[in-house]
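Chain A is the first sequence line, chain B the second, and so forth, proteins listed ahead of strands; every chain is numbered from 1.
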Number of protein chains: 2
Amino acid sequence: MLALKALANPVRLQILNWLREPRRYFSDQQVGDLDVDGVCVSVIQRRADLSQSTVSQYLTDLQRAGLVQSKRVGQWTYYRRDEEGIRRFLEELERAVGPGESDSS
Amino acid sequence: MLALKALANPVRLQILNWLREPRRYFSDQQVGDLDVDGVCVSVIQRRADLSQSTVSQYLTDLQRAGLVQSKRVGQWTYYRRDEEGIRRFLEELERAVGPGESDSS
DNA sequence: TGCCTAAATCGATCATTCTCGATATATTGA
DNA sequence: TCAATATATCGAGAATGATCGATTTAGGCA
């Protein structure tokens, strides 16, 4: 389960968390619309305080896990949450580990 | 988040899954009550087809993550799901990555 | 075309995880 | 107490993950 592996890393988990409120955590972004387009790599990198390559890789991981979407606009790549994919992941996890046959009769 | 790391391993995830229906997956257990006591290590090991030490370690990992409980009865250690802990984990995850400020107004 | 910036990929290193067999500990029963 | 069985822990090797700097790819603009 790619998403579980992706979220097992605290930084990746936090990035996904930050992306819930782009205006709050990435207000320094000059370009694009935070809500519509998403947040570009360099802005996330600044916040995460890791190298550019690491953050780029993390975002690719999150995308392959179906948790974020990317959109290339000019020279920037904007990332934003894939709410649909996140919902699917949570549902799948619920099915996998959530309560089984409870006899709440 | 210990639980996320624990579940990032497919075998550990599957063990937790199996434990939802002990009667179904561990019907070969001779000792104890599957539902009341849980499933002992050697029975899980047989099903997982990994070494005894690995399975024992996995179960310890799941326990430290708050996903299973153990009960020592004689020479056996029975493991069963910690439904309360699992619920807490799922809720925490929901808070951490679930939908943020949706303006469903 | 040529430079500048953004992002992605590559290659390497160090840390962590996976997994095993061997050993240690604990419990039961003769 | 001794032997047998169940489980836990230890130590090690291989595989994977984390993370970096360097390089490559790509777009924008003079």
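- Across the protein-nucleic acid pair, B:Ile15 atom CD1 and C:dT19 atom P stand 11 Å apart, rounded to whole Å.
- Here B:Asn9 reaches the OP1 or OP2 of C:dC18: one of its side-chain N or O atoms lies under 4.0 Å away.
- Between B:Leu90 and B:Ile86 the shortest side-chain heavy-atom distance falls below 4.5 Å.
- Following rounding to the nearest Å, A:Leu59 (CG) and C:dA8 (C1') show an atom-to-atom distance of 11 Å.
- Residue contacts shown for B:Leu50 are limited to sugar-phosphate atoms, with no base heavy atom under 4.0 Å away.
- The base of C:dT28 does not come close enough to the side chain of B:Gln75 for any donor and acceptor atom to sit less than 3.5 Å apart.
- Atom CD in A:Gln57 sits about 10 Å away from atom P in C:dC10, given to the nearest Å.
- A:Ser53 has no side-chain polar atom (N or O) that falls below the 4.0 Å cut-off from OP1 or OP2 of C:dC10.
- Nucleotide D:dG17 holds its C1' atom 16 Å from the CG atom of B:Leu4, rounded to whole Å.
- For C:dA6, neither phosphate oxygen OP1 nor OP2 lies less than 4.0 angstrom from any side-chain nitrogen or oxygen of A:Tyr79.
- The CZ-P distance, from A:Arg64 to C:dT9, rounds to 11 Å in whole Å.
- Put simply, B:Arg72 has no side-chain N or O that comes within less than 4.0 Å of OP1 or OP2 on D:dA6.
- You won't find any donor-acceptor pair under 3.5 Å spanning the side chain of B:Ser51 and the base of C:dG21, going by distance alone.
- Each of B:Tyr58 and A:Cys40 was matched to the nucleotide of DNA chain C holding its nearest heavy atom; the match closer to the 5' end belongs to A:Cys40.
- In summary, the side chains of A:Ser53 and A:Ser56 do not present any donor paired with an acceptor at a separation below 3.5 Å, with no hydrogens or angles considered.
- At whole-Å resolution of the value, CG in B:Leu62 and C1' in D:dA8 are 15 Å apart.
- A chain of hydrophobic side-chain contacts below 4.5 Å, direct or via other Ile, Leu, Val, Met, Phe, Trp or Tyr residues, connects A:Met1 to B:Val11.
- Atom C1' of nucleotide D:dC20 and atom CG of A:Asp49 are separated by 13 Å, given to the nearest angstrom.
- Among the protein residues, B:Thr77 comes within range of the sugar-phosphate backbone only, with heavy atoms under 4.0 Å from sugar or phosphate atoms but none that close to a base.
- With values rounded to the nearest 0.5 angstrom, A:Glu83 atom CD is found 12.0 Å from A:Arg88 atom CZ.
- Under the 30°/60° scheme for interplanar angles, the aromatic rings of B:Tyr25 and B:Trp18 are found to be tilted.
- A donor N or O paired with an acceptor N or O is found under 3.5 Å between the base of D:dA8 and the side-chain atoms of B:Gln52.
- Looking at B:Leu67 and B:Leu7, their side chains come closer than 4.5 Å, going by heavy atoms from C-beta outward.
- At the heavy-atom level, B:Ser42 lies under 4.0 Å from the strands shown only through sugar-phosphate atoms.
- Set against D:dA8, C:dC18, D:dA6, the side chain of B:Trp76 has D:dA6 as its closest nucleotide.
- Within 4.0 Å (heavy atoms only), A:Thr54 reaches at least one base atom of the nucleic acid.
- Each of A:Asp61 and A:Gly74 has a nearest nucleotide on DNA chain D; the 5'-most of these lies closest to A:Asp61.
- In this structure, A:Tyr78 reaches neither bases nor backbone, as no heavy-atom distance under 4.0 Å exists between it and the strands shown.
- The distance from atom CZ of A:Arg46 to atom C1' of C:dT5 is 13 Å, rounded to the nearest whole Å.
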